[in-house]
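Written out below as structure tokens is the structure these notes cover.
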Amino acid sequence: MTGDGVYVYAITRAGSLLPADANGVGSPAAQLRVIRQGGIAAVVSDAPANLRARRRDLLAHQELLLRLSGQGPVLPMRFGMVAPDEETVRGQLAAQEADHLVVLEHLADGVEINVKALPAQNALGSLITEDKNVRRLRDEARRRPGYEANVRLGEAVATALESRAAEAGRRVLRELTSRARAMAPGPDVQGCVLNVSFLVGRGDSDDFMSAAEKFAESRRERVELRLAGPLPCYSFVSVESIRVRTAGV
């Protein structure tokens, strides 16, 4: 990227204020400003020259979004969103003002929590006890050790671990969806059987995390849960996302 253009961090209600002493990405840190259009506004800065996904800038972007969301609902932009100029930003705000206001209302006092589920590690003992096929292949590999026997056993173990984790993931999805305002499936992640984000009330986030951790502990021989949050509501920034991904759908 070049230094031309306007770096866009988030969309907020028009009356929202910038956090005190907040700065943007870049080195030196870019000065923030607000572009207002009707009932909404965009938090922006000049786009730094040679912007890259450096840790420093990723953290600055995330920190600003968290501080903004602590003051009110925010539609967060992904890192690196650059518009050609302020007029382009104003035009996009004007075109989507009604939809943005609907989503901002839905996100009021909300945060995102991401949950990833993976097959449990070090679960071979319980798997052999439970799965007759794995137990049979293990016994065969012991009686007639060899490459092919080991491959069959390894494939059976991997398949069974993934199957058990997927079943536990479906259960945790049902459990946590009932505690959330909305849910949004995320992209496939290698090694994960589940990647989903939940929209929860800021005041409910601790209870939500505790429920997820309790579930994971009760099924630790089947699934490993990785939790991230509270996060800005990246997965719930469109009208479509809140219409079709409301809790219980």
Side-chain angles (χ1 to χ4, degrees), residues 9-13 16-22 43 55 58-79 102-123 164-187 189 191-238 241-249:
Y9 299 86
I11 296 170
T12 69
R13 290 170 175 159
S16 301
L17 301 176
L18 291 176
D21 301 322
V43 178
R55 176 177 172 80
L58 291 169
L59 290 176
H61 182 97
Q62 182 89 332
E63 176 64 20
L64 174 60
L65 293 178
L66 289 172
R67 293 183 68 183
L68 286 169
S69 63
Q71 299 180 168
V74 169
L75 305 187
M77 299 293 107
R78 300 285 181 179
F79 179 86
V102 169
V103 180
L104 286 167
E105 180 65 25
H106 185 76
L107 298 183
D109 197 35
V111 295
E112 178 171 330
I113 295 176
N114 178 258
V115 178
K116 292 182 176 66
L118 302 87
Q121 301 299 310
N122 303 317
R164 296 202 313 175
E167 188 276 333
R170 289 189 290 271
R171 290 192 178 187
V172 75
L173 182 60
R174 291 193 297 269
E175 168 70 20
L176 296 181
T177 297
S178 67
R179 296 173 176 269
R181 293 186 195 171
M183 57 78 64
V189 176
C192 292
V193 298
L194 178 73
N195 176 27
V196 64
S197 289
F198 297 90
L199 175 65
V200 301
R202 185 178 299 274
D204 299 324
S205 61
D206 287 345
D207 287 344
F208 184 94
M209 298 280 276
S210 294
E213 290 167 355
K214 183 177 180 180
F215 181 97
E217 176 62 23
S218 69
R219 292 166 176 80
R220 62 183 180 275
E221 293 186 341
R222 291 178 171 270
V223 68
E224 175 189 347
L225 294 187
R226 295 181 183 174
L227 310 176
L231 302 169
C233 300
Y234 292 111
S235 301
F236 304 95
V237 296
S238 69
S241 70
I242 65 173
R243 282 176 179 165
V244 303
R245 294 171 178 169
T246 51
V249 173

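Bear in mind that the values here come from a model prediction, so they are computed numbers and not experimental data.
- Under the salt bridge (Lys or Arg N to Asp or Glu O under 4.0 Å) criterion, Arg13 pairs with Glu105, not counting sequence neighbours.
- The closest side-chain heavy-atom distance from Pro19 to Gln71 is below 4.5 Å.
- Taking CZ from Arg226 and CG from Leu118, the interatomic distance works out to 4.5 Å, rounded to the nearest 0.5 Å.
- Between Ile11 and Met77 there is a side-chain heavy-atom pair separated by less than 4.5 Å.
- In this structure, the side chains of Arg164 and Pro119 stay at 4.5 Å or more apart for every pair of heavy atoms.
- Distance check, rounded to the nearest 0.5 Å: CZ of Arg67 to CG of Leu65 gives 12.0 Å.
- The OH atom of Tyr234 sits 4.0 Å away from atom CD of Gln62, with the distance rounded to the nearest 0.5 Å.
- The closest side-chain heavy-atom distance from Leu107 to Val74 is not below 4.5 Å.
- Put simply, CG on Leu17 and CG on Leu68 are 10.5 Å apart, with the number rounded to the nearest 0.5 Å.
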I'd like a table of donor-acceptor pairs (distance under 3.5 Å, sequence neighbours excluded) in which one partner is a side-chain atom from residues 191-208, with atom names and distances.
{"from": "Asn195", "atom 1": "OD1", "to": "Asn114", "atom 2": "ND2", "distance (Å)": "3.0"}
{"from": "Asn195", "atom 1": "ND2", "to": "Pro187", "atom 2": "O", "distance (Å)": "2.8"}
{"from": "Ser197", "atom 1": "OG", "to": "Glu112", "atom 2": "OE2", "distance (Å)": "2.8"}
{"from": "Ser197", "atom 1": "OG", "to": "Asn114", "atom 2": "ND2", "distance (Å)": "3.2"}
{"from": "Arg202", "atom 1": "NH2", "to": "Ser69", "atom 2": "O", "distance (Å)": "2.8"}
{"from": "Ser205", "atom 1": "OG", "to": "Arg202", "atom 2": "O", "distance (Å)": "3.0"}

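- Applying side-chain contact (heavy atoms from CB on, under 4.5 Å) to Met183 and the options Leu176, Leu173, Val115 leaves one that passes, Leu173.
- For Leu66 against Pro230, the heavy-atom pair with the smallest separation is CD2-O, 3.9 Å.
- Scanning all heavy atoms of the two residues, the minimum distance from Arg222 to Ala168 falls at CB-CB, 4.4 Å.
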